[in-house]
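A short worksheet on the structure shown next.
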Number of protein chains: 2
Amino acid sequence: MKDVASAAGVALKTVSRVVNGEPGVHPATADRVRAAIDRLGYSRNESARVLRRGRTATIGLVIEDVADPFYAGLSRAVESVAAAHGCLLLSGSSSEDPERERELVLTFCARRVDGLIVVPAGEDHSYLRPELDAGTPAVFVDRPPGPGIDVDTVLADNAGGAALATRHLVAHGHSRIAFLGDEPSIFTAARRLHGFRTALGHLYDERLVCMRSPALDTVRAALDRMLALDRPPTAVFTGNGRLTVTALRALAGRRGPAVVGFDDFELSDLLGVTVVAQDPARMGRVAAELLFRRLSGDTGPAEHPVLPVGLVPRGSGELPP
Amino acid sequence: MKDVASAAGVALKTVSRVVNGEPGVHPATADRVRAAIDRLGYSRNESARVLRRGRTATIGLVIEDVADPFYAGLSRAVESVAAAHGCLLLSGSSSEDPERERELVLTFCARRVDGLIVVPAGEDHSYLRPELDAGTPAVFVDRPPGPGIDVDTVLADNAGGAALATRHLVAHGHSRIAFLGDEPSIFTAARRLHGFRTALGHLYDERLVCMRSPALDTVRAALDRMLALDRPPTAVFTGNGRLTVTALRALAGRRGPAVVGFDDFELSDLLGVTVVAQDPARMGRVAAELLFRRLSGDTGPAEHPVLPVGLVPRGSGELPP
DNA sequence: CTGAAAGCGCTAACAC
DNA sequence: GTGTTAGCGCTTTCAG
């Protein structure tokens with residue numbers, strides 16, 4: 001900036017004014033400055049600007065895994081909202097590792113992101129306390145923060161969605177329904193199991209429940225075990241997109257039970273799989289908009305919108321037992 | 001840092017030494033400093049550090065769309081390599097818009113990212129010249145830069161893969177093969193068409209070619225038109241993952257032509273679709289590793305690795321005409 | 001082993 | 001309209 005100033009024969013501050021589009025610069029002077037900028041290939045050093053102004057125009061996004069279509073859709077929506085506010089996105093995947101989550105969040109904070117959007121992997125977020133007190137707003141998405149952290153959250157109606165799918169299967173004549181969910185320590189998995197169990201009432205049978213990460217081997221083993229029972233399940237409700245896909249693979253080629261899944265997935269329509277669909281893009285959008293409201297000064301109490309989920313019948317959930 | 005220094009009764013520089021793990025601080029002093037840091041909830045201001053040191057420990061990634069599984073997988077791989085080098089990732093989607101690509105790249109540069117990984121949308125990258133000259137390394141992925149920009153590239157064997165698929169269909173008795181590709185202005189689309197055309201030789205018939213973005217309507221219309229010809233195609237080769245999925249939807253329910261696609265996709269195995277698969281994660285990894293080699297001082301001539309693609313027979317491409 | 005001083009490139013606050 | 005000055009929080013350099 002100093003070089004540009006001397007090249008244009010003006011003071012440094014005038015260059016600053018031109019670069020920032022501030023008013024009060026004579027058009028001719030401004031043109032001279034712009035010419036010098038082009039000639040020298042100057043571009044403003046954003047780090048210095050941030051240091052001085054305190055705002056980075058960057059938000060941090062921590063998700064579980066960008067390669068998962070659910071989180072990819074969510075990311076895209078967050079990015080769009082951020083772009084509309086002239087903000088960039090610093091993002092990272094926690095791989096469901098609480099330590100990595102913490103590291104990413106704290107690194108983002110050290111870089112002075114203006115705000116955070118977090119899909120938490122861990123259960124303890126006391127490490128965020130100083131940052132929140134320092135005024136960095138955070139929105140938790142898909143899963144709530146640990147106890148004692150009172151921030152905005154955007155969650156889906158997990159229990160309600162699971163109950164919806166379960167009642168749908170019962171209405172189609174099923175009374176033996178299996179549930180394949182992710183590790184019960186994961187909030188969404190636990191809530192969906194809860195919804196399933198509540199909706200099923202006395203029909204609930206814990207031998208028809210398996211809560212494990214979605215590896216093909218374990219899913220196949222669980223299904224084999226259940227299908228070999230005296231009264232095998234006539235339907236399977238899978239607790240997330242990954243598990244649905246894995247279960248379909250495990251059941252491929254056999255006239256198996258009816259399958260209904262939580263989360264929609266690519267090609268579910270061609271495969272005719274009935275699902276309870278959430279809208280990851282909407283989740284990301286709502287979270288980002290909430291964050292930007294906080295950034296523009298909204299200091300009201302923490303908000304906790306719950307997004308609806310919808311049943312999409314495609315055939316697999318309407319099969320009779 | 002000043003506050004921590006006075007709280008610990010040391011000079012600012014000593015705090016700096018402790019924070020950065022520099023040697024030459026008495027253990028007892030260091031402990032006192034660390035105690036003060038915890039008490040005050042201090043965390044280093046990364047912007048100031050960057051301003052002083054010149055390196056941001058951040059790389060910029062511009063892709064077409066994070067919500068596309070291909071780019072999501074690529075992003076994840078880039079992120080892993082970056083994390084292994086202690087680097088964060090600033091990322092953005094260009095939505096196939098050259099102007100947005102330029103804006104993202106230049107914004108990243110203004111933030112002084114250490115390096116860039118770009119899936120270009122545009123054909124003119126002269127705007128990058130000053131940045132490259134200033135020493136910011138860039139790696140182009142999936143598509144090459146416009147003329148006059150001599151940077152590292154990581155491309156797939158697009159023409160070879162297309163030829164492989166085409167010969168596979170010919171070997172299975174097909175002589176009327178259609179090609180559905182993306183806009184011919186997109187590098188990969190053009191190269192794949194070239195491979196298809198070359199492999200087909202005198203069997204090539206331009207009435208069986210349609211180069212358009214993958215919207216369901218246009219794909220359906222193109223297929224309808226081709227299938228109504230005197231000598232309709234007995235096989236369709238689709239030029240990317242999106243087009244494959246769209247074509248499968250358009251053909252759903254009819255005993256249509258054999259379908260082979262470029263790019264693998266989720267559930268291709270269950271649907272039994274033969275594809276020519278690239279490995280997006282590998283592409284991201286190779287690109288990121290190349291970038292970090294540049295960042296650690298490798299100033300050799302630009303490299304241009306070409307990643308192989310592989311035919312995965314799953315049934316759809318092995319159907320007789 | 002520890003500290004003082006200079007300055008990274010910019011913007012805010014105030015002159016002129 | 002334009003210029004001067006101070007200082008954001010840190011690292012670098014050099015001096016004890």
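Protein chains get the first letters and strands the later ones, always in sequence-line order, with residue 1 at the start of each.
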Report the distance from atom [atom1] of [X] to atom [atom2] of [N], rounded to the nearest whole Å.
X        : N      : atom1 : atom2 : answer
B/Arg53  : D/dT13 : CZ    : P     : 12 Å
B/Glu22  : D/dC10 : CD    : P     : 14 Å
B/Asn45  : C/dC10 : CG    : C1'   : 14 Å
B/Arg112 : C/dC8  : CZ    : P     : 14 Å
B/Leu12  : D/dT13 : CG    : P     : 17 Å
A/Leu51  : C/dC10 : CG    : P     : 12 Å
A/Glu46  : C/dC8  : CD    : P     : 19 Å
B/Lys2   : C/dA5  : NZ    : C1'   : 15 Å

* To do: Could you tell me whether the side chains of B/Asp124 and B/Ser126 share a donor-acceptor contact shorter than 3.5 Å?
  =>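 Yes.
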* Asked: Taking atom types as modelled and ignoring hydrogens, do the side chains of A/Thr56 and A/Asp114 form a donor-acceptor contact shorter than 3.5 angstrom?
  ->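 A/Thr56 vs A/Asp114: donor-acceptor pair found between side chains.
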Counting the atoms with a prime plus P, OP1 and OP2 as sugar-phosphate, which does [X] contact under 4.0 Å by heavy atoms, base, sugar-phosphate, or nothing?
X       : result
B/Ala11 : sugar-phosphate
A/Val50 : nothing
A/Arg17 : base
A/Ser47 : nothing

So if I take every side-chain heavy atom of [X] and compare against [options], which nucleotide ends up nearest?
X       : options                : result
B/Tyr42 : C/dT11, D/dC10, D/dT11 : D/dC10
A/Lys13 : D/dT11, D/dG3, D/dC8   : D/dG3
A/His26 : C/dG9, C/dG3, D/dG1    : D/dG1
B/Asn20 : D/dT11, C/dG9, C/dT11  : D/dT11
B/Arg52 : C/dG7, C/dT11, C/dT2   : C/dG7

* Evaluate the ring planes of A/His85 and A/Phe292, with Trp represented by its six-membered ring, and classify them as parallel (under 30°), tilted (30 to 60°) or perpendicular (over 60°). =>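 Ring orientation, 0 to 90° scale: parallel.
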* Asked: Between B/Gly122 and B/Glu101, what is the shortest heavy-atom contact and its length?
  ->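 Looks like N-OE1, 2.7 Å.
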* Heavy-atom side-chain proximity of B/Lys13 to B/Glu22 below 4.5 angstrom ->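 Result yes, sub-4.5 Å side-chain heavy-atom pair found.
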* To do: Check whether any side-chain heavy atom of B/Asp142 sits under 4.5 Å from a side-chain heavy atom of B/Phe70, and report yes or no.
  =>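 In short, these two side chains touch, coming nearer than 4.5 Å.
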* To do: Verify the contact: side-chain N or O of A/Ser16 to OP1 or OP2 of C/dC10, cut-off strictly under 4.0 Å; return yes or no.
  =>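 Checking A/Ser16 against C/dC10: no side-chain N or O falls below 4.0 Å of OP1 or OP2.
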* **N or O in side chain of A/Thr14 less than 4.0 angstrom from D/dT2 OP1/OP2** =>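 For D/dT2, neither OP1 nor OP2 has a side-chain N or O of A/Thr14 closer than 4.0 Å.
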* 5'-most contact on DNA chain D: A/Ala48 or A/Val10, nearest heavy atom basis? ->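 Mapping each residue to its closest nucleotide by heavy atoms, the 5'-most match is A/Val10.
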* Is there a donor N/O on one and an acceptor N/O on the other, under 3.5 Å, for the side chain of B/Arg49 and the base of D/dG9? ->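 Between D/dG9 and B/Arg49, which were checked side chain against base, a qualifying N/O pair under 3.5 Å is absent.
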